[in-house]
Each structure stands twice: as C-alpha cells, then as structure tokens.
Amino acid sequence: MGVFGEPASFDPRSPLASDLTFALARPLYRSLYRFAPDGGAVPDLARSIRPVPGGVRVELSDARWSDGRPITARDVLTSIRRGHPRSGLAGVSAVARGGTAVVLTGDVPDWEDALARLTFVLPADGRRAYSGPYRVASRTEGLQIVLRPNPGAETPPLLDRLTVQFTEGLDMLLGLLDRGRIDVAWLPSGLNLDQRLEELGLEYADALGWEHVFIDMRTSELEQGLRKVIATGLDRGAIEKGFVRADGRTADTLGPGPGRGGASGPFEAVFRGGGGGGGGASVTLGAPSGDELLELTQRMVQVQLDGAGFDVDLINVDARRFYGEWQRANPLDLALRRRGGAPGVPVDARRGLLQELPLFHVETVMAWAPGIGGIDVNGTLDGPLWDAHEWFVADEEG
C-alpha cells in the first residue's frame, strides 16, 4: 500500500501526530468505540455503556494484548490522560472502577461519538504490545512500515503481510500503481482523478465524508483585521468550480460535513460586513509538496489575495514536515492543509474561523489493482486501514 508522506510521529498521542499517524494506528490498537464509514459510532473495546450522574460508565470487553496480558481499566485511564488534544475524551475526567470499568464525566453531548474519536488504547506501562489485527514487524525510516498479523487478535487478518510505503505525492502514487510496484494507494484527491484512474485500469472508490481543506492561521502573527480581509478576499466558489468540481463542495463550517453533530456558524454570518484591503502586507502561504490539489489551490489563493492588496510569497515543503513539526509550530502566515474529521466535533465558529478558515470538503479516495478485494473507503478519522483485516488477494479463480 502506498500513502502520501510519512508521519512525523507514529504515536497517536503525540502532538506531532497527523491523520497518517492515526490511520496507521487503527489496525494496531483498538478503541473504546470506532467510526463506521457512514460516521456511526460502533462499540470496540466497550462492552456496554450506561449513564451515571454527569457522565457514563463504560464496561470493557474481555480483550488481550499481543503479549497475552489483559486490557484493563488502567490502560484506558492512562490512554485518556495522555491522549491527543483532538481526542473526543480530551478534558474528560476518568476514574477506574475495578479492572474492567471506567467512569467518565464531563460536558459531552454525544458520548458514543466522543468515545470513537481518537481514543486509541495503548499499554499503560509503555511496552510494545498491540490489540488490533496487526502488529509492527519492522519500520524503515523514510521508506516503509511492515505489519504482520497479531497472533492474539480477536479478528485475525486475511493477509500475512501488509507493507505501507511512504511516497512524495500523487504523481508518484499513480506511477507506482501503474507499474505494479504497489497494490493499493490512499490518494490525496486531485483534479480529474477518477478519469486518470480509469485510464490506468485501476479499481477505485471514493466517499465525500469529513475530510476538508482549510487555511491554518493558528500560529500566524497577522492581526485580526488582516485575517478578516483575507477571509472576505477569497472567492471559495471559484476555487471549488476550478479544482474541486463534482468531487467536493464549499465548506462553511470547521466541523464535519454530512452526518450528526456538525454545529458551527456559517462562514458568511461570521464575516458579514468585512472587507477593506491588505494594504500591501506581506504574507507567506504554504502547502505540502506533491499534493496536486493543494498546490493548485495555493496558486489561486495567491492570485485572489494579490487582488485584495496582499503581497503573497509561496512556500512548499515535504508532507512529513508540513504535517509534523509545522503542524505544531507553523512558521507560515497561512498554511493550506487537509484534515480528516468525524461527527460531533465541537467548534466555536466565531473564534475558530479566524484561526482555521474552511475552504471545501473533499473526497477520500482509495485505488487498487485488479485482484485485491475487501477495501471499503472510510471518510472519517479512522482512515483507510479501518478494515485492513478484511483485505485479501483473490486466487486464480477470482
């Protein structure tokens, strides 16, 4: 399997964790709940959930790590306390009740959605053990990670090896698929991508879910007035018409697209009455190298902001840095990013839009060679490997 970029961290709890980190963690670690492709939350390690004052009590199923030890409430508690900031349980209080139950309390509107959002459970003592269908057999920095079946998995995978190769962009992924160097690819959506895949004779599937493109201004030193001018100076409809077309749609929210729980104010309401000009202010606008759609969007945004009175410098860097260290400490004024999503993400739109400016929702795309089966696109944070245990290579009889 080929993917775009390489994660700066393979730890799903790290501040440097990216969507690729989470995707690679999915077949290795189980969660309390997980997301199905339609965005519905389904139980995983949670055997049952029931309301208690201020929260819920979660009973754990009888599950074990790859070294044979049981998965306990202590593992869950430690994972919650060390969880990623985007986790659905960030800020939630947790208390163990014996070895197989935890009580969670907090202001959470939908506990099942929250329990599915990046709630990977890892061993409390930090040892190398896995609970998913796969385990890490080896990793070569800059090249690949090799997964092998977890002998203690509740649901054994059908493949005896899954190698994930790190690549530098859409063109490389398509070339590797065409030459048979990889069998499957998780592709960044791009211009006329379906037509290009059909010309190569490849199978593919896409889903318009919660993946979105936005302009990251969280660490920018631009003052609020200039941010507002940037927002009102963009013609997102023209960007959609030129590059996204039928493969996405303009996003008016920072929350999810279709599905439950997407509550944030509309773009126009937040910026009604804005305007003015950039006054010749210099801004840096960055995008990851090799992401065709974002590089094209970057140039159109430059033209639009030039017209709004800004002096825009374009910067492109490799995806590992862009979604790694530059995700945490962004040296750019404006960074064009993709990010996965999920139902139920709470957003303060009036404050958030001045930090993360939504552009459009895009399709999540998987492509594969004839003879590969079992692949089902998941447009949520669970990513492309959510059902990797069901992938298979067809025999000569099909």
Side-chain angles (χ1 to χ4, degrees), residues 1 3-5 7 9-14 17-46 61 63 76 79-80 83-90 110-122 130-136 145 147 150 153-155 157 159 162 164 184-189 205-212 255-262 323 338-345 361-366 368 374-391:
M1 177 183 176
V3 298
F4 173 43
S9 173
F10 288 84
D11 183 353
R13 303 166 301 188
S14 168
S18 62
D19 283 359
L20 184 51
T21 306
F22 305 141
L24 294 175
R26 174 48 65 203
L28 303 175
Y29 302 107
R30 297 177 65 182
S31 300
L32 295 172
Y33 273 68
R34 61 173 56 197
F35 286 117
D38 64 359
V42 295
D44 191 359
L45 284 174
S61 60
V76 175
S79 298
I80 292 173
H84 192 272
R86 291 174 64 194
S87 167
L89 298 182
D110 189 321
W111 279 100
E112 292 186 355
D113 279 352
L115 292 171
R117 195 164 66 249
L118 304 181
T119 59
F120 298 104
V121 176
L122 278 66
Y130 307 97
S131 57
Y134 283 100
R135 60 180 176 83
V136 175
I145 184 170
L147 309 183
N150 172 6
E154 184 176 295
T155 306
L159 299 175
L162 175 58
V164 181
V184 182
W186 181 22
L187 300 170
S189 56
D206 47 45
L208 183 57
W210 288 262
E211 184 179 344
H212 58 281
R260 298 171 289 147
Y323 288 107
R338 294 178 188 260
R339 187 162 67 193
V345 180
H361 291 283
V362 293
E363 291 182 333
T364 300
V365 184
M366 294 283 287
W368 59 94
I375 297 175
D376 188 9
V377 176
N378 191 329
T380 75
L381 282 168
D382 274 25
L385 295 170
W386 76 285
D387 68 338
H389 58 285
E390 296 180 352
W391 294 7

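Checking Glu363 against Ser189 by side-chain atom types alone, no donor-acceptor pair falls below 3.5 Å.
Looking at Trp386, its side chain never comes within 3.5 Å of a backbone N or O of Gly379 through a donor-acceptor pair. Under the 3.5 Å distance criterion, the side-chain polar atoms of Ser61 are left unmatched by any main-chain donor or acceptor of Ala63. Between the Tyr33 side chain and the Trp111 main chain, no donor and acceptor come within less than 3.5 Å of each other.
One distance of note links CE of Met1 with CE of Met366; it measures 4.5 Å at 0.5 Å rounding. How far CZ of Arg338 is from NE2 of His212: 11.5 Å, rounded to the nearest 0.5 Å.
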- Message: Apply side chain to side chain contact (heavy atoms under 4.5 Å, CB included) to residues Leu147 and Leu28 and explain how you reach the verdict.
- Response: CA-CA 9 Å; Leu147 309 183; Leu28 303 175; 4.0 Å; yes
- Item | Worked verdict on Trp186 versus Thr364 for side chain to side chain contact (heavy atoms under 4.5 Å, CB included) | CA-CA 8 Å; Trp186 181 22; Thr364 300; 3.8 Å; yes
- Task: Walk me through it: do Phe10 and Val136 pass the test side chain to side chain contact (heavy atoms under 4.5 Å, CB included)?
- Result: CA-CA 11 Å; Phe10 288 84; Val136 175; over 6 Å; no
- Query: Passes side chain to side chain contact (heavy atoms under 4.5 Å, CB included), Leu32 versus Leu89? Steps please.
  - Reply: CA-CA 11 Å; Leu32 295 172; Leu89 298 182; 4.1 Å; yes
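The heavy-atom pair separating Ala23 from Pro384 by the smallest distance is CB-CD, 3.8 Å. Scanning both residues, Asn150 and Gly132, for their nearest heavy atoms gives ND2-O, 2.9 Å. Summarising the geometry of Trp210 relative to Gly39, their closest heavy-atom pair is CH2-CA, 3.5 Å, with the distance given to 0.1 Å. Shortest non-hydrogen contact noted between Pro7 and Thr21 is CB-OG1, 3.4 Å. Scanning both residues, Gly5 and Leu20, for their nearest heavy atoms gives O-CD2, 3.6 Å. Across Asp38 and Gly40, no two heavy atoms sit closer than the pair OD1-N, 2.8 Å.
For the side chain to side chain contact (heavy atoms under 4.5 Å, CB included) with Ser31, the lone residue among Leu118, Val121, Thr119 that qualifies is Thr119.
Under the salt bridge (charged side-chain N to carboxylate O under 4.0 Å, His left out) criterion, Asp44 pairs with Arg30, Arg34, sequence neighbours left out. Looking at residues two or more places apart in sequence or on another chain, you find a side chain to side chain contact (heavy atoms under 4.5 Å, CB included) between Asp11 and Ser9, Arg13, Ser14, Leu122. Take Thr380 and apply the side-chain hydrogen bond (donor to acceptor under 3.5 Å, both in side chains) test, not counting sequence neighbours, and it matches Asn378. With sequence neighbours excluded, no residue forms a salt bridge (charged side-chain N to carboxylate O under 4.0 Å, His left out) with Arg135. For Trp391, the side-chain hydrogen bond (donor to acceptor under 3.5 Å, both in side chains) partners are Asp387, not counting sequence neighbours.
Aromatic ring orientation, Phe120 versus Phe22: parallel (interplanar angle below 30°, classes split at 30° and 60°).
For residues 18-28, the pairs satisfying salt bridge (charged side-chain N to carboxylate O under 4.0 Å, His left out) are Asp19-Arg86, Arg26-Asp382, with sequence neighbours left out.
Side-chain contact between Pro37 and Asp376 is present, with at least one heavy-atom pair separated by less than 4.5 Å.
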